[in-house]
Amino acid sequence: MASAGTSCAHCGRQSVALKRCMRCKEASYCGAECQKAGWKGHKKTCAPRKTAEEVYHIVRQAHFADDWREVLKWECRLEELMRAASESPHRDLILSTFTRAYMQEMTSTGSTKNIMSIVQLEERRIAVLASMERFRDSGEAISNLAQCLLQANFRTEATKVFNRARDLGA
């Protein structure tokens, strides 16, 4: 176990001297007693943590297999993936993969509950493409963003997106 923070996963006690599970590095405990006592419940979710590179490859394989559920399962690691790809064109691929997965979910289920996730991903993707001076490619992201906003009846926001696109020259 290594040092961590917040509260014990077993007893809930707040402490700055908590120890992390060495296997998954997610759960924190007061000590060995709490870790042993909490193991029965924790072992169901405890798994060695995958590296950002491993997650990236899993997400890309799921994307190519049109398995949007598998892609979205890894969204909790999006920030880590973006940091790992901070200086690479993979940032656009990561964001577009998650956007497409959400759009596939929307098409498959008819649910618009994650529409704002798509909006946030596409806004971020537009900024990434602009930083890479790929203005032509940002047209797809702007189109996705506007479509999502219109589908969710956010007409005012969609108009703002179109105006911003016009200002950028996209």
Side-chain angles (χ1 to χ4, degrees), residues 1-10 15-29 32 34-36 38-109 111-145 147-148 168 170:
M1 284 199 259
S3 252
T6 66
S7 63
C8 177
H10 176 67
S15 174
V16 291
L18 295 174
K19 311 285 190 225
R20 282 200 182 156
C21 170
M22 288 302 290
R23 185 166 184 235
C24 70
K25 301 191 178 23
E26 295 291 324
S28 299
Y29 298 95
C34 275
Q35 186 178 22
K36 285 177 188 172
W39 176 244
K40 185 176 181 180
H42 177 62
K43 72 179 175 182
K44 296 172 189 166
T45 59
C46 184
R49 187 168 170 84
K50 295 193 180 309
T51 66
E53 186 175 325
E54 290 170 321
V55 172
Y56 175 78
H57 289 293
I58 290 168
V59 166
R60 292 303 294 162
Q61 285 176 339
H63 170 71
F64 290 123
D66 280 333
D67 187 354
W68 58 267
R69 286 180 179 90
E70 181 67 18
V71 171
L72 295 179
K73 185 168 48 169
W74 294 98
E75 193 201 9
C76 61
R77 301 280 299 275
L78 177 62
E79 293 307 317
E80 184 181 344
L81 290 170
M82 293 300 288
R83 278 192 305 276
S86 65
E87 297 300 322
S88 106
H90 293 290
R91 294 178 300 156
D92 173 40
L93 290 172
I94 293 165
L95 293 170
S96 65
T97 296
F98 281 100
T99 297
R100 286 189 182 106
Y102 272 125
M103 293 176 104
Q104 285 174 318
E105 176 193 42
M106 200 166 56
T107 301
S108 296
T109 65
S111 172
T112 58
K113 68 178 177 148
N114 290 318
I115 202 93
M116 292 315 292
S117 295
I118 297 171
V119 168
Q120 291 169 349
L121 287 165
E122 287 302 282
E123 285 179 337
R124 203 164 165 190
R125 186 167 167 237
I126 292 165
V128 164
L129 291 167
S131 73
M132 295 165 45
E133 297 184 3
R134 289 177 46 198
F135 301 109
R136 182 176 290 181
D137 293 335
S138 66
E140 176 195 353
I142 291 168
S143 174
N144 287 343
L145 178 56
Q147 286 174 10
C148 288
L168 290 172

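Worth saying up front: this structure is predicted, and the values here are computed from it rather than measured.
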Output, in order, the C-alpha distance, side-chain angles, deciding distance and verdict of side-chain contact (heavy atoms from CB on, under 4.5 Å) for Tyr29 and Leu18.
-> CA-CA 5 Å; Tyr29 298 95; Leu18 295 174; 5.9 Å; no
Apply salt bridge (Lys or Arg N to Asp or Glu O under 4.0 Å) to the pair Arg124 and Glu79, showing each step before the final yes or no.
-> CA-CA 12 Å; Arg124 203 164 165 190; Glu79 293 307 317; 2.7 Å; yes
Given Lys73 and Glu70, is the salt bridge (Lys or Arg N to Asp or Glu O under 4.0 Å) satisfied, shown in steps?
-> CA-CA 5 Å; Lys73 185 168 48 169; Glu70 181 67 18; 3.0 Å; yes
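Across all non-hydrogen atoms, the minimal contact from Arg125 to Ser96 is NE-CB, 3.5 Å. Contact record, Ser28 with Arg20: OG-CG, 3.7 Å, taken as the closest heavy-atom pair. Shown here for Cys46 and Cys24, the closest heavy-atom pair between the two residues is SG-CB, 3.8 Å. Nearest heavy atom pair, residue Ala52 against residue Arg77, reads N-NH2, 4.0 Å.
Counted within 6.0 Å of NZ on Lys36, heavy atoms from surrounding residues, nucleotides or ligands total 12 or fewer; the atom is thus considered open. For CZ of Arg134, the number of neighbouring non-hydrogen atoms (other residues, nucleotides, ligands) closer than 6.0 Å is greater than 12. Residue Glu26 places its CD atom among more than 12 non-hydrogen atoms of other residues, nucleotides or ligands, all under 6.0 Å distant.
For the atom pair Gln35 CD and Cys21 SG, the distance stands at 5.5 Å (nearest 0.5 Å). Rounded to the nearest 0.5 Å, atoms CZ (Arg60) and CG (Leu93) are 4.5 Å apart. With values rounded to the nearest 0.5 angstrom, Met82 atom CE is found 11.0 Å from Tyr56 atom OH. Atom NE2 in His10 sits 12.5 Å away from atom NZ in Lys40 (nearest 0.5 Å). Note that CD1 of Ile94 and CZ of Arg91 are 9.0 Å apart. Values are rounded to the nearest 0.5 Å. The CZ atom of Phe98 sits 6.0 Å away from the CG atom of Leu81 when rounded to the nearest 0.5 Å.
Note on Arg83 versus Glu80: no salt bridge recorded, every NZ/NE/NH1/NH2 to OD/OE distance being 4.0 Å or above.
Contact annotation: the side chain of Trp39 approaches that of His42 to within less than 4.5 Å [non-hydrogen atoms, C-beta and beyond]. Using a 4.5 Å cut-off on side-chain heavy atoms (C-beta onward), Asp67 and Gln61 make no contact. Taking the side chain as every heavy atom from C-beta outward, Ile118 and Met106 approach each other to under 4.5 Å. When side chains are defined from C-beta on, Val71 counts as touching Thr97, because their heavy atoms get closer than 4.5 Å. Side-chain contact between Lys113 and Glu105 is present, with at least one heavy-atom pair separated by less than 4.5 Å.
Here the side chain of Lys25 pairs a donor or acceptor atom with the backbone of Met22 at under 3.5 angstrom. Using modelled atom types, no side-chain atom of Arg100 and backbone atom of Trp68 make a donor-acceptor pair closer than 3.5 Å. A donor-acceptor pair is defined here as one N or O able to donate and one able to accept, closer than 3.5 Å; such a pair exists between the side chain of Glu54 and the backbone of Thr51.
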